[in-house]
Amino acid sequence: MKQKDLCDKHTPISTTLEARMKIKDSLNLPKSSIPMKANLSQREPQMLTRWEDTKIYDQIIEKSEGHPKFILHDGPPYANGHIHMGTALNKILKDFIIKSRFMAGFDSRYVPGWDCHGLPIEHQVEKDLKAKKIPLVKTDLRKRCRTYAEKFIDIQREEFKRLGVFGDWDNPYLTMKFPYEATIVREFGKFVEKGGVYLGEKPVYWCASCKTALADAEVEYAEHRSPSIYVKFPLVSKVPGLPEDTPVYVLIWTTTPWTIPANLAIALHPDFEYAAVRVGGEIWILAGELRDLVLSGMGVKNYETLATFKGADMERLVCRHPFLEKDSILILADHVTLEAGTGCVHTAPGHGQEDYEVGLKYDLPAYAPLDDDGRFTEDVPFFAGQFVFDANQAVIAKLEEVGCLLKVEELEHAYPHCWRCKSPIIFRSTRQWFISMETNDLRGKALKAIDQVRWIPAWGHDRIYNMVENRPDWCISRQRSWGVPIIALHCEDCGRVLLDAGLVNRVADLVEKNGADVWFEKDLNEIFDPMPACPHCGGKNFRKETDILDVWFDSGVSHAAVLQQRPELRWPADLYLEGSDQHRGWFHSSLLESVGTRDTAPYKSVLTHGFVVDGEGKKMSKSLGNIVAPGEVIKKYGAEIVRLWVAAEDYRNDIKISQDILKQLTDGYRRIRNTFRFMLGNLYDFTFEKNAVSVAEMAEIDRYILHRLAYISNRVLKAYEAYDFHVIYHTIHTFCAVDLSAFYLDVLKDRLYVSHPESPERRSSQTGLYHLVNVLARLLAPILAFTMEEIWQAFRPFTPFEEASVHLTAFAEIPSSFENRDLADRWERLLEIRQEVSKVLEEARKNKEIGHSLDAQVTLTVNEKTYDFLKDYEVELDDIFIVSRVVLEKSDGAPLAVTVTPAPGVKCERCWHYKTDVGTDGEFPTVCGRCAEVLCSLA
RNA sequence: GGGCCUAUAGCUCAGUUGGUUAGAGCGCACGCCUGAUAAGCGUGAGGUCGAUAGUUCAAAUCUAUCUAGGCCCA
């Protein structure tokens, strides 16, 4: 039999249209107050305007007056370019926390900040000026940089607001504001006062044609032909076990012959095995593993290995420089490899980063006898005045002359070049300012402070601990323009440096009023009145230090400039929250700055998130073409989907994003939205004050869902507490799909639609819906900030609540009456049986015995125990299973058997149940007894 | 090369101190409904837990190595 036939045959249809309409009108069908289609990208801006007009953030602040403070201190993004997915992720996570902490009863404000000084902006501005052929003048450049930063702060501010992030956007902190700049100077002064600042040497990239230091970001690698030479250094020290009458040499290899004059050491790996090989009348030392390769490369055929040594055994033996009157000692370093060369590495601490670092361990100076043009100074015999790249040949010739050159080749390799003039650059030791890690035991104190902080995830502790434990002194100077100057004076009379906290603070006061520009714009006698005297020679002729501070120092003082200076905030912060790269960045600089000046960390806990990667887990890059931009996602899906993305993924690891994931999120979003829409739609004739039913009087199924709601609420609140946002999304989404949509709401339809509108059972269900919306909307408000606001506006008329925005509410307190373990146990058992019934219904559906489940009668054949249990629910079982009739039968022991047959009786036109009492009422011949009763009472 | 981290069904996530046939939601397939309808309901098929080797009576869960990927250094 076909389904249609079955229906036609058994469903009496009212003969007149009027009667049909009357019956349909008597149903309490939902009246939706919010549209099914979210249309987020168009509606969100309206919501933003509303929030702006009502000054929502100010209202939140007002409401949190007197609440305990929770301080999340914003790490300042760099004021350059548009925001990307990573910045969006970071700001949204912060917004989740700010909003949820407020709703949990805290005064949690958000003061956003921007990092304004620094190279990238200076670069951009410099480029613009070059293009327009405007000459570079430092003071003018600085003004243009400021304007440039302002422009991007405005752009980013709008982009952040568009994401639904609340905060003090009208009054953010900027590292270039005068008072902030003054704080930077003062904090620097504190280090000066404690003796932590010193002038030292450090090799940096140097462009000899531009005569300037280059930052890493200014270096481009390109192919370059270099000489490749093997050189022997005579070993002066006697080595036990080697014949004393034979000269011994250590073999090195280098591609920068011009650095040979600056050689101070030869580095060996402590664990490698080195061989002493007799070649003719000499003994050569080189790594055992490279022996055959190197010697055959030189055409040496006959050799004999006399002995082998561990690198560690040769530490501090002394070699003689091949042609200069100085020694070169053997040192140990882990960076030595066997990939190229001889395993004995020519070390010039003034010309290489690794050489410099290992040199520090052996107290070797960063010797770099070059001038700004890249020419050897008078200090260097034979080559004084020569440009280093030209000197390569001269050095090779000299080595040849003294008989220490073993081999010359040419090598094509990637070599650093200047981003500006494209010429090859050199590594050159320069004078730089440092903060010592050892003065006042900064390192030790920082390590102790790290132990006091809660790192989330916990491995953050090890990561930053290892960094601080091993890092060199903090180089705080940059040879740049756009930043805060290092306040120091160079005595023109004696050449010494005048570094004094008192002077620093005098300048800080000027900076507070006029900005850091005063240092560059004003003459020294305008800045200092009276002019200090040089403590070394008494002279009063000074030159200003022109270096600026590392921008990490700028942002590192934010705890002092923001937390300690804004009355609404508090020091230290409860939380810093940034990407995991900031263990080296802001967490690190803030820690050192704070420990150096205040002995403790500026934060109690630090939360890190991973990086945004594409669907395959690969990082986003222009060359891969896999970049997803927030603007495009907002346009296509809405900011709400971006927020949901942040909430759905576990941000501790890398966070994937792809069209696939976004599609999935929109599906998840729709499920949540429709669930709320349906619940609201069924509250149209309900207000809490007039119609609510007390928990004790509610139907069991409604009380069961309240029990579930209490569980969900508790779980979600704990997750907010632990910043486990993905748990929140998954918990609520599953709750909406499984508990609500597939069970509770589906079962409720009959009662909501069919019952008398004022009936207790309908009011009971509506009370259930009311609590669901009230609790869930608040729980989701920090995440779905736009949608829950929309829900709240639709919901408020049914409530006594005065809050005009969901963001002004607190999380709902769950009355203890919602929880009922025994009742929940019973309902979970019912749900298990329901599951079994569903399976059998599906079989019947497949066999074309039924279509809709209401076509069915279900017979449960159960054992004694189950029978007794189900007997209590006998009248409700048809509702729970959404079938027309349930028959209970005792089995002879089998726990549960389900059979499905077509329901007896006739289909009621109103409630669609098959009932045997359809037609018994004379006035309404097409409906069942229950419906007839309702119709009568409505008439 | 070093420090830290990640790797469970197509996707997003669960899997407590190692212990029965590895779970959920979504998606997918098939079907139902047409009174949540650019919705809703049901059933079902999908992983042997990145790979390998160990420890163990027993491992997704511990160890080592490797592979792929991420951040930070070099």
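Residue numbers start from 1 in every chain, and the chains themselves are labelled A, B, ... in the order their sequence lines are given, proteins ahead of strands.
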Whole Å only: how far is the CZ atom of A/Phe611 from the C1' atom of B/rU6?
14 Å
Base, sugar-phosphate, or nothing: which does A/Ser32 touch, judged by heavy atoms less than 4.0 Å apart?
nothing
Within this structure, what is the CD-to-P distance between A/Glu649 and B/rC26, rounded to whole angstrom?
18 Å
Rounding to an integer number of Å, can you tell me how far A/Leu772 CG sits from B/rA36 C1'?
15 Å
Give one of base, sugar-phosphate or nothing for A/Asn674, where a contact means two heavy atoms less than 4.0 Å apart.
base
Using a heavy-atom cut-off of under 4.0 Å over every strand shown, decide if A/Gly681 touches base, sugar-phosphate, or nothing.
nothing
Closer than 4.0 angstrom, basic N to acidic O: yes or no for A/Arg671 and A/Asp667?
no
Could one point to a donor on the side chain of A/Lys663 or the base of B/rG27 with an acceptor on the other under 3.5 Å away?
no
Taking a pair as Watson-Crick or G-U wobble with both distances under 3.5 Å, which nucleotide is matched to B/rA24?
B/rU12
Could you tell me how far apart A/Asp581 (CG) and B/rC4 (P) are, to the nearest whole angstrom?
18 Å
How would you label the contact of A/His726 with the nucleic acid (heavy atoms, under 4.0 Å): base, sugar-phosphate, or nothing?
sugar-phosphate
Pair A/Arg454-A/His461, side-chain donor/acceptor within less than 3.5 Å:
no
Which is true for A/Arg910 with a 4.0 Å heavy-atom rule: it touches a base, it touches only sugar-phosphate, or it touches nothing?
base
Remember a base hit wins even if backbone is also touched, and classify A/Val727 as base, sugar-phosphate or nothing at under 4.0 Å, heavy atoms.
nothing
Write down the distance separating the C1' atoms in B/rG44 and B/rC49, rounded off to the nearest Å.
23 Å
Just checking A/Met679: base, sugar-phosphate only, or nothing, at a heavy-atom cut-off of under 4.0 Å?
nothing
When we call it a touch if two heavy atoms are under 4.0 Å apart, what does A/Arg471 touch: a base, just sugar-phosphate, or nothing?
nothing
Mind checking A/Leu841 for me? I need base, sugar-phosphate or nothing, with any heavy atom below 4.0 Å counting as a touch.
nothing
Nearest to the side chain of A/Arg845, heavy atoms from C-beta on, is which of B/rA39, B/rC26, B/rG42?
B/rG42
Residue-phosphate contact under 4.0 Å: A/Arg673 side-chain N/O, B/rA39 OP1/OP2:
no
Paired with B/rU37: which nucleotide, if any, by Watson-Crick or G-U wobble criteria at under 3.5 Å for both distances?
none
As its Watson-Crick or G-U partner within any shown strand, both distances under 3.5 Å, B/rG46 has none
Please evaluate residues A/Asp550 and A/Trp474 with respect to the criterion side chain to side chain donor-acceptor pair (under 3.5 Å), reporting the C-alpha separation (whole Å), side-chain torsions for both, the decisive distance (0.1 Å), and the verdict.
CA-CA 9 Å; A/Asp550 177 12; A/Trp474 184 0; 3.1 Å; yes
State whether the distance check finds a donor on one side and an acceptor on the other, under 3.5 Å, for side chain A/Gln664 versus base B/rG10.
no
Residue pair A/His583 / A/Thr608, side-chain donor-acceptor N/O under 3.5 Å
no
Under 3.5 Å, is there a donor-acceptor pair between the A/Arg910 and A/Ser26 side chains?
yes
For A/Arg670, which contact category applies under a 4.0 Å heavy-atom criterion: base, sugar-phosphate, or nothing?
sugar-phosphate
